[in-house]
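First listed ligand is number 1; within each ligand, the first listed atom is number 1.
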Amino acid sequence: MIVRQLQQAEQSDRRIVSPDGNWESTRMLLKDDSMGFSFHITTIYAGADFRMHYQNHLESVFCMSGEGEVETLDDGKKYPITPGTLYILDKHDRHILRAFSEMKMACVFNPPLNGTEVHNAEGAYELDAETIGA
Ligand code: 9YT
């Protein structure tokens, strides 16, 4: 069994701060753990408004706190995000995430992230990112 503590992970290389200033993500469970998915606790900063397109991954995002919305770009639909909302990007959906207040999210990725990924110019993660040392 593997047991990890968020408070400790946040003090380690597992905490990744996005260079675009929109979010930070503590990668609690990664590819090296051989579970077939990765699990992250992500903070979306208040006022963030940014585009993503996870071409190489499927992602589910559960909101634990905060308020915002997600918009799917192919059809222009907007979905409110409040604590308890789960959105599931099952079609590699191009989307915009907006945080009206700071949002705490639990995120699962398949395939699992290596550890150090930040978004490329298209809002995707590459498959060949570096692992983390911790
Ligand atoms: C909700 C979302 O997609 N935020 C971007 C960061 C990502 N969840 C991650 O790397 O944990």
Side-chain angles (χ1 to χ4, degrees):
M1 190 167 75
I2 303 166
V3 177
R4 296 194 177 110
Q5 195 72 22
L6 176 61
Q7 295 86 340
Q8 284 177 7
E10 284 173 337
Q11 304 301 317
S12 77
D13 290 347
R14 291 182 178 279
R15 176 172 174 262
I16 303 295
V17 179
S18 175
D20 63 14
N22 288 317
W23 55 268
E24 64 178 73
S25 181
T26 301
R27 274 82 195 250
M28 300 292 293
L29 171 69
L30 288 163
K31 184 178 181 180
D32 278 355
D33 296 311
S34 302
M35 291 290 284
F37 58 87
S38 59
F39 180 83
H40 323 154
I41 299 297
T42 297
T43 302
I44 310 293
Y45 302 139
D49 182 332
F50 61 108
R51 185 181 288 235
M52 289 171 276
H53 185 197
Y54 290 130
Q55 299 163 58
N56 303 316
H57 298 85
L58 300 169
E59 185 195 22
S60 293
V61 181
F62 179 78
C63 177
M64 298 182 287
S65 65
E67 313 273 339
E69 69 178 13
V70 59
E71 176 176 351
T72 43
L73 286 167
D74 286 351
D75 58 11
K77 284 189 184 167
K78 294 179 182 178
Y79 302 87
I81 300 172
T82 57
T85 302
L86 176 70
Y87 68 86
I88 302 160
L89 299 164
D90 62 327
K91 296 183 175 62
H92 303 280
D93 314 64
R94 295 186 307 126
H95 63 291
I96 293 174
L97 184 60
R98 300 187 181 95
F100 304 144
S101 60
E102 179 180 284
M103 297 195 293
K104 295 279 185 188
M105 317 293 249
C107 308
V108 175
F109 279 78
N110 169 25
L113 266 59
N114 293 338
T116 59
E117 288 89 341
V118 293
H119 295 140
N120 66 19
E122 293 171 358
Y125 291 140
E126 306 290 348
L127 287 170
D128 60 355
E130 291 293 315
T131 56
I132 56 174

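Around CD of Q8, the count of heavy atoms belonging to other residues, nucleotides or ligands within 6.0 Å does not exceed 12.
Residues passing the salt bridge (charged side-chain N to carboxylate O under 4.0 Å, His left out) test with E59, sequence neighbours excluded: none.
No side-chain donor-acceptor contact under 3.5 Å links H57 to the backbone of P112.
Exactly one residue among I2, D33, I41 makes a side chain to side chain contact (heavy atoms under 4.5 Å, CB included) with M28. That residue is I41.
A salt bridge between E69 and R98 is present, with a side-chain N of the basic residue lying under 4.0 Å from a carboxylate O of the acidic one.
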What are the atom names and distances for all N or O pairs under 3.5 Å between ligand 1 and the protein?
| unit_1 | atom_1 | unit_2 | atom_2 | d |
| --- | --- | --- | --- | --- |
| ligand 1 | 3 (O) | Y54 | OH | 3.2 |
| ligand 1 | 3 (O) | E59 | OE1 | 3.3 |
| ligand 1 | 3 (O) | E59 | OE2 | 3.1 |
| ligand 1 | 8 (N) | E59 | OE2 | 3.1 |
| ligand 1 | 10 (O) | R27 | NH2 | 2.5 |
| ligand 1 | 10 (O) | Y125 | OH | 2.5 |
| ligand 1 | 11 (O) | S25 | OG | 2.7 |
| ligand 1 | 11 (O) | H40 | ND1 | 2.8 |
| ligand 1 | 11 (O) | T42 | OG1 | 2.8 |

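The closest side-chain donor-acceptor pair between S18 and D20 falls under 3.5 angstrom.
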